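See below for the structure under consideration.
Just so it is clear, the model here is predicted, and its values are computed rather than measured. When a ligand or atom number is given, it counts from 1 through the structure's own listing order.
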Amino acid sequence: MYYGDLSDSEQISNVIYNIKPDEVYHLGAQSHVRVSFEAPEYTGNITALGATRILEAIRRSGNSIKFYQASSSEMFGASLPPQSESTPFIPRSPYAAAKVYAYWMAANYRDGYGIFASNGILFNHESPRRGETFVTRKITRAVASILSKKQDSLFLGNLDARRDWGYAPEYVAFMWKMLQNEKPEDFVIGTGESHSVREFVDEAFSYAGLDRDEYIKIDPRYYRPTEVEELIADSNKAIKKLKWKSEIKFKELVKIMVDADLRAYGLEPFGEGDEILKKKFPNRWWGVD
Ligand code: G4F
């Protein structure tokens, strides 16, 4: 294990020099959209310039290193859905603006220096490992916490926002696939379906037999100065060229996450989420995680 910091170009160069990697998957970022409004400069430094620091270290190393840039559907911002590789970027947050910059740096290092750099424009991808302040995990954790009698309400922001939510392990497998492609290219990855935060709440609470109206409260603290209303991936390029297929659909994802949080709270999972994983990924570690 090597340690580094995306704000420190010398350290990054040393890591690239010492490891001499074949492939770099750059997922490091200040990745929380709401937080980026509170810390816009820091977000630019880490999320935008961090990518440049790695690309520059790769270029200076002179080694043949493939580079994956974790681009985001947030870059589409106010562009109407469905969003594909040719949809214009209209970023709606400091985070999204920083990701647009990093996207173009990867494209420029590809075109200018011949570096194998690819942008994966990934729509929201979730799992039991999702950070607790992102909305999906916040909801599924709250369900477990309410059932454990440790929490009696859940404060949320905009329930009308719509996202294209998929299952993260599938997306990570596709990141690897992108770097095995014969040439560096950009791909949009998502399920092609959008659902509102309200629908996510409804699915999670009804799976647990809870009445959402008893628990959900709105706190304007969680509103964003500018919101992304709706994201839906048009992944046709990835489907045709790299056989992308999202296995886990919205309702299944919710059940997987609720079951995992119940277990984390020491409760018996309802079991449907576990069954879905065993059935769809019988030979994969993420089927039993
Ligand atoms: O879960 P979120 O914070 O994810 P968001 O903003 O879509 O960004 C995530 O996905 C992106 C990929 O498209 C990544 F690039 C990014 O790094 C991150 O992983 O919020 C989802 C939606 C938003 O519209 C937000 O306004 O949920 C709404 N929301 C409503 N109440 C809330 C809450 N979001 C959070 N985090 N907390 C709430 O209480």
Side-chain angles (χ1 to χ4, degrees), residues 26-39 43 46-48 50-51 69-79 81-83 87 89-103 119-127 129-143 145 151 153-168 171-172 174-175 187-204 212 215-235 250 253-254 257:
H26 175 41
L27 279 76
Q30 187 305 94
S31 71
H32 201 288
V33 175
R34 181 72 189 84
V35 169
S36 80
F37 289 99
E38 311 295 332
T43 301
I46 301 304
T47 306
Q69 168 61 20
S71 283
S72 165
S73 55
E74 282 292 302
M75 301 189 307
F76 296 122
S79 267
Q83 292 97 356
T87 302
F89 299 141
I90 313 179
R92 299 269 285 168
S93 64
Y95 166 80
K99 281 286 182 185
V100 170
Y101 168 87
Y103 167 96
N119 284 289
I121 308 176
L122 269 47
F123 285 57
N124 297 48
H125 39 292
E126 316 290 319
S127 86
R129 294 180 175 188
R130 181 56 132 160
E132 291 158 8
T133 60
F134 294 89
V135 79
T136 54
R137 186 75 201 293
K138 189 173 164 181
I139 295 165
T140 58
R141 207 166 159 261
V143 165
S145 180
Q151 187 171 334
S153 44
L154 170 60
F155 289 90
L156 293 171
N158 179 9
L159 301 183
D160 295 320
R162 299 181 69 86
R163 290 288 182 277
D164 179 331
W165 281 296
Y167 185 49
Y171 291 58
V172 177
F174 194 83
M175 292 176 194
F187 288 96
V188 157
I189 297 297
T191 68
E193 275 181 32
S194 93
H195 296 274
S196 66
V197 174
R198 185 177 283 100
E199 283 171 70
F200 198 104
V201 169
D202 284 348
E203 271 314 306
R212 77 145 141 108
Y215 302 98
I216 302 298
K217 301 203 165 62
I218 300 301
D219 185 338
R221 244 181 347 136
Y222 297 114
Y223 288 150
R224 298 167 182 189
T226 38
E227 175 66 280
V228 173
E229 304 298 342
E230 184 167 29
L231 295 171
I232 309 177
D234 170 352
S235 306
F250 175 72
L253 174 68
V254 176
M257 291 181 71

Return the residue, atom name and 0.1 Å-rounded distance of the protein heavy atom closest to [atom].
atom                    : value
atom 4 (O) of ligand 1  : N124 ND2, 3.7 Å
atom 29 (N) of ligand 1 : V135 CG2, 3.8 Å
atom 14 (C) of ligand 1 : Y95 OH, 3.5 Å

[X] side chain to [Y] main-chain N or O, any donor-acceptor pair under 3.5 Å?
X    : Y    : value
D164 : G192 : yes
K99  : A70  : yes
H195 : F250 : no
K138 : F155 : yes
D219 : R221 : yes
S145 : A142 : no

How does [X] reach ligand 1, by side chain, by backbone, by both or by neither, if only non-hydrogen atoms under 4.0 Å count?
X    : result
K138 : side chain
V197 : side chain
R163 : side chain

Margin query: What I want to check is whether the side chains of Q30 and T47 have a donor and an acceptor closer together than 3.5 Å.
Written below: no
Note to self: Ignoring hydrogens and geometry beyond distance, is a side-chain donor-acceptor pair present between R92 and T226 at under 3.5 Å?
What the structure shows: no
I need the atoms of ligand 1 closer than 4.0 Å to a non-hydrogen atom of [X], numbered in the order shown.
X    : value
H32  : 36 (N)
S73  : 12 (C), 13 (O)
A161 : 24 (O)

Evaluating non-hydrogen atoms only, which member of [options] is closest to [atom]?
atom                    : options             : answer
atom 9 (C) of ligand 1  : R198, E230, R130    : R130
atom 31 (N) of ligand 1 : G157, S71, S196     : G157
atom 2 (P) of ligand 1  : R224, E227, R137    : R224
atom 17 (O) of ligand 1 : A29, G190, S31, S72 : S31
atom 37 (N) of ligand 1 : L154, T133, V33     : T133

Checklist line | Shortest non-hydrogen separation from N124 to Y171 and the atoms involved | finding: O-OH, 4.3 Å
Note to self: Salt bridge check, R163 against E74: does any charged N sit closer than 4.0 Å to a carboxylate O?
What the structure shows: yes
Note to self: Please determine whether any non-hydrogen atom of M75 lies less than 4.0 Å from an atom of ligand 1.
What the structure shows: no
Notebook entry, point to check: If you measure every N/O of Y222 against every N/O of ligand 1, is any gap under 3.5 Å?
Noted result: no
